[in-house]
Asker: 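Below you'll find the structure I mean.
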Protein chains: 2
Amino acid sequence: MQTQTTPTAPQPQTTGRSLEHPRREEIRLEDVLHALSEPMRMRVVRTLAEEPGELSCSVFDLPVSKSTTTHHFRVLRECGVINQIYRGTAKMNALRRDDLDALFPGLLDSVLAAAALQEGRGGGDRG
Amino acid sequence: MQTQTTPTAPQPQTTGRSLEHPRREEIRLEDVLHALSEPMRMRVVRTLAEEPGELSCSVFDLPVSKSTTTHHFRVLRECGVINQIYRGTAKMNALRRDDLDALFPGLLDSVLAAAALQEGRGGGDRG
DNA sequence: AGTGTAGTTTGACGATCGCCGTACTACTCC
DNA sequence: GGAGTAGTACGGCGATCGTCAAACTACACT
């Protein structure tokens, strides 16, 4: 974090400022549910669940500003739902499936299934 | 709702002012998750899930004031998680298991299981 | 060095949230 | 009728939330 403005760039630091993640045992159910209760974040999580690997923030194209997008990704990371790392100029996101499944077996799957069902009923956006 | 201050109390109304509940199809996943993300409400739902029948509001004895308790029960009712009816001077609460299971199969059970697991790990109150 | 792309930070805004106390209503039982 | 019990309604309080725009940082590619 100490941005010393090192002009000669000693170590390239492998393209990453550090990002804080809660450890598995620190993840709390209420935080996960709260994170998932926000439609925009649910959308992100559902997209991430469909994809095998990592996705950069920019591929989501949410109908909100860039700063709001940053905010939502941060909430998801800080509550332990996603893992984020920098790769070059992009920031890659991945669902913390293993951790969530270990902590709350079946939860993520049923939430995802519920979201899909609701969308199928036409409740995808707003009534 | 038209409180006409009818001084002579015309009809006793069969021990029940009416309570608004969303119909099954109106229940939204994000509202349910939001309702459940609040520890006090989760506690109510878990207690309700353990009991076979209805429970009055007063048996819960939450560590908050009466008005806050009323508030939490109302949130749970309005988002479709519980059913409330008046019985005499008491207001009985029951989980809308059938509706939730029909709408979001397995969701309630995995949330309940997750809450139990987290509590078992010692995360019952606040890490 | 310069331009572009991706994401962050800050600070603000209005809305909602959880909480409370007080005053009130509805019902029961003596 | 009067007292007691169960819950509601009405503000009001401070905190958090989702949102934005503007200014900024970090990296890549000429």
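In the text below, chain A, chain B and the rest are named by the order of the sequence lines, each starting its count at 1.
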Asker: Which whole-number value in Å describes the distance from A:Lys66 NZ to D:dC24 P?
Answerer: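 After rounding, the reported distance stands at 14 Å.
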Asker: Restricting to non-hydrogen atoms, name the atom on B:Met42 and the atom on B:Ala115 that form the minimum distance, rounded to 0.1 Å.
Answerer: SD-CB, 4.1 Å
Asker: Indicate whether OP1 or OP2 belonging to D:dC27 is found under 4.0 Å from a side-chain N or O atom of A:Arg87.
Answerer: no
Asker: Can you tell me if A:Thr89 touches the phosphate of D:dA26, counting only side-chain N or O atoms and a distance under 4.0 Å to OP1 or OP2?
Answerer: no
Asker: What is the separation between atom CE on B:Met40 and atom P on C:dC17, rounded to the nearest whole Å?
Answerer: 16 Å
Asker: Check the distance between C:dT16's P and B:Glu30's CD and give it to me in whole angstrom.
Answerer: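 Rounded to whole Å, this separation is 15 Å.
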Asker: How long is the line joining CD of B:Glu54 and C1' of D:dA6, in whole Å?
Answerer: 16 Å
Asker: Atom NE2 of B:His72 and atom P of D:dG7: how far apart are they, to the nearest Å?
Answerer: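 Spelled out: NE2 on B:His72 to P on D:dG7 is 15 Å.
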Asker: Ignoring backbone atoms, test whether B:His71 places a side-chain nitrogen or oxygen under 4.0 Å from the OP1 or OP2 oxygen of D:dG7.
Answerer: no
Asker: Would you indicate, yes or no, if C:dC19 has its OP1 or OP2 atom less than 4.0 angstrom from a side-chain nitrogen or oxygen of B:Ser65?
Answerer: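 The answer is no; no side-chain N or O of B:Ser65 sits under 4.0 Å from OP1 or OP2.
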Asker: From C:dC19, D:dT19, D:dG7, pick the nucleotide closest to the side chain of B:Ser56?
Answerer: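 When the side chain of B:Ser56 is considered, D:dG7 is the closest of C:dC19, D:dT19, D:dG7.
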Asker: Any chance the side chains of B:Gln84 and B:Glu54 put a donor and an acceptor closer than 3.5 Å?
Answerer: no
Asker: Does the distance from a Lys or Arg side-chain N to an Asp or Glu carboxylate O, for A:Glu20 and A:Arg77, drop under 4.0 Å?
Answerer: no
Asker: Pick the closest DNA chain D nucleotide for A:Arg41 and for A:Ser67 by heavy atoms, then say which residue is nearer the 5' end.
Answerer: A:Arg41
Asker: Can you identify which nucleotide, out of C:dA6, C:dT9, D:dT19, has its nearest atom closest to the A:Thr70 side chain?
Answerer: C:dT9
Asker: In whole angstrom, what separates A:Ile85's CD1 from C:dG7's C1'?
Answerer: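 A:Ile85 atom CD1 is separated from C:dG7 atom C1' by 15 Å.
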Asker: To the nearest Å, how far apart are A:Met42 CE and D:dG18 P?
Answerer: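 So the two atoms are 13 Å apart, to the nearest Å.
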Asker: Is it true that B:Asp61 and B:Arg43 make a salt bridge, defined as a side-chain N closer than 4.0 Å to a carboxylate O?
Answerer: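 Result for this pair is no, no salt bridge flagged.
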Asker: Can B:Arg96 and B:Asp101 be counted as an ion pair, charged N to O under 4.0 angstrom?
Answerer: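 Salt bridge flag = no for B:Asp101 with B:Arg96.
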Asker: Whole Å only: how far is the CD atom of A:Glu38 from the P atom of D:dT16?
Answerer: 18 Å
Asker: For DNA chain C, whose closest nucleotide is more 5', that of A:Ala90 or that of A:Arg74?
Answerer: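 Result of the comparison: A:Ala90.
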Asker: State whether B:Ser58 places a side-chain N or O below 4.0 Å from either non-bridging phosphate oxygen (OP1 or OP2) of D:dG7.
Answerer: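 For D:dG7, OP1 or OP2 has a side-chain N or O of B:Ser58 closer than 4.0 Å.
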Asker: Report the residue (B:Ser37 or A:Arg77) whose heavy-atom-nearest nucleotide on DNA chain C is the more 5′ of the two.
Answerer: A:Arg77
Asker: Looking at A:His34, does any N or O in its side chain come under 4.0 Å of the phosphate oxygens OP1/OP2 on C:dC17?
Answerer: no
